[in-house]
Amino acid sequence: ISNGWFSEISAMWPGEAHSLKVEKILFQGKSDYQNVIVFQSASYGKVLVLDGVIQVTERDECAYQEMITHLPLCSIPNPKKVLVIGGGDGGVLREVSRYSSVDQIDICEIDKMVVDVSKEFFPKLAVGFEDPRVNLNIGDGVAFLKNAQEGTYDAVIVDSSDPIGPAQELFEKPFFESVARALRPGGVVCTQAESIWLHMHIIEDIVSACRQVFKGSVDYAWTTVPTYPSGVIGFMLCSTEGPAVDFKKPVHHIDESTAETNTSKGPLKYYNPGIHSASFCLPSFAKRVIDAK
Ligand SMILES: NCCCCCc1nc2ccccc2[nH]1
């Protein structure tokens with residue numbers, strides 16, 4: 001942070017950096033896994049930074065949390081058991097808890113400091129931990145899935161940071177295989193899948209691994225998040241062999257008018273059925289790589 005500005009400089013997006021004006025640094029720490037900073041920005045509310053990379057801002061977190069949750073959960077008729085890998089800020093839990101059909105929400109976050117910092121500085125995200133259906137595990141998602149019983153979950157949401165750092169293994173084939181094993185037939189997984197502007201090679205590798213592992217559908221969707229590098233971020237949506245899932249046609253309609261959205265968590269700010277379908281439309285340079293058979 002210099003002369004009142006934070007710049008997100010990283011080897012993962014060489015030659016470019018998004019900057020936010022800093023009003024006040026609220027927390028600085030080092031966990032067993034990463035450096036953790038929280039600051040009050042001038043224009044995006046509070047900001048969570050892990051190892052110099054922006055993870056969450058109060059102003060635009062809705063776009064990411066709502067899309068990573070509702071793209072998978074609106075694609076299956078009756079989600080009951082959901083697993084969140086990562087997501088220690090609690091935002092995804094807040095969104096999953098909107099579904100009355102869900103009876104079990106397991107979460108496995110490797111870094112306890114992320115949970116503690118979220119509870120102290122991001123109450124609108126950490127509200128997700130208050131739901132009685134939530135079971136919090138602090139530990140490595142890879143190990144958690146190895147111990148999970150086969151065919152347990154209807155949906156797995158992998159809300160990870162980027163592949164350089166503690167989340168590296170969550171982008172590799174063995175992890176996808178353990179996710180597939182923990183899902184029921186026709187179960188779905190949604191993972192944080194980087195930027196089509198910055199990481200087409202990473203996305204190509206992820207798509208290739210997913211096509212080998214998931215014998216149902218394999219799709220890629222994307223959304224706008226102004227404070228993520230290049231202003232966009234994508235998601236891998238995959239289903240295991242079993243009852244067909246068409247991610248592009250949500251079977252479950254939630255939008256600002258339905259009950260689920262006017263819970264104590266406040267209304268949906270970003271997701272709606274139109275945005276759901278539109279998010280699978282890709283520019284040609286990405287379509288060519290992602291749809292390649
Ligand atoms: N460069 C894009 C980063 C995307 C980060 C998404 C994200 N942000 C998180 C914060 C806490 C725990 C899990 C998280 N996953």
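The shown structure was predicted, so the numbers you read here are calculated from the model rather than taken from an experiment. The figures here come from the full heavy-atom set of this structure, side chains too, leaving out hydrogens, waters and symmetry mates. Start at 1 and go down the list; that is how both ligands and their atoms are numbered.
Using a 4.0 Å cut-off to heavy atoms of Glu109, the atoms of ligand 1 that qualify are 12 (C). In summary, the atoms of ligand 1 found under 4.0 Å from a heavy atom of Tyr64, numbered by their order in the structure, are 6 (C). Each of the following atoms of ligand 1 lies closer than 4.0 Å to a heavy atom of Val114: 11 (C). Counting atoms of ligand 1 from 1 in the listed order, those under 4.0 Å from a heavy atom of Val53 are 1 (N). Near Gln192, meaning under 4.0 Å from any of its heavy atoms, are these atoms of ligand 1: 4 (C).
Taken to the nearest 0.5 Å, the CD atom of Glu61 stands 8.0 Å off from the CD atom of Glu58.
The shell of residues lying under 4.0 angstrom from ligand 1, judged by heavy atoms, excludes Phe122.
For atom 9 (C) of ligand 1, the choice among Met12, Gln55, Gln65 with the nearest heavy atom turns out to be Gln55.
With a 4.0 Å heavy-atom cut-off, ligand 1 is reached by no atom of Glu194.
Note: Trp197 and Phe285 have tilted aromatic rings, judged against thresholds of 30 and 60 degrees for the angle between ring planes. Between Phe6 and Phe39, the angle of the ring planes lies from 30° to 60°, which puts this pair in the tilted group. Using the six-membered ring where Trp is involved, Tyr271 and His276 have ring planes that are perpendicular, over 60° apart on the 30 and 60° scheme.
Atom 12 (C) of ligand 1 has Gly88 N, 3.4 Å as its closest protein atom, hydrogens excluded (heavy atom only). The shortest contact between atom 14 (C) of ligand 1 and any protein heavy atom is with Asp159 OD1, 3.4 Å.
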| message | Under the criterion side chain to side chain donor-acceptor pair (under 3.5 Å), I'd like the reasoning laid out for Asp111 against Gln34: C-alpha separation, chi angles, the key distance, then a yes or no. | response | CA-CA 8 Å; Asp111 192 344; Gln34 53 210 333; 2.9 Å; yes
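Ion pairing of Asp103 with Arg133 is absent here, as no side-chain N (NZ or NE/NH1/NH2) approaches a carboxylate O to less than 4.0 Å.
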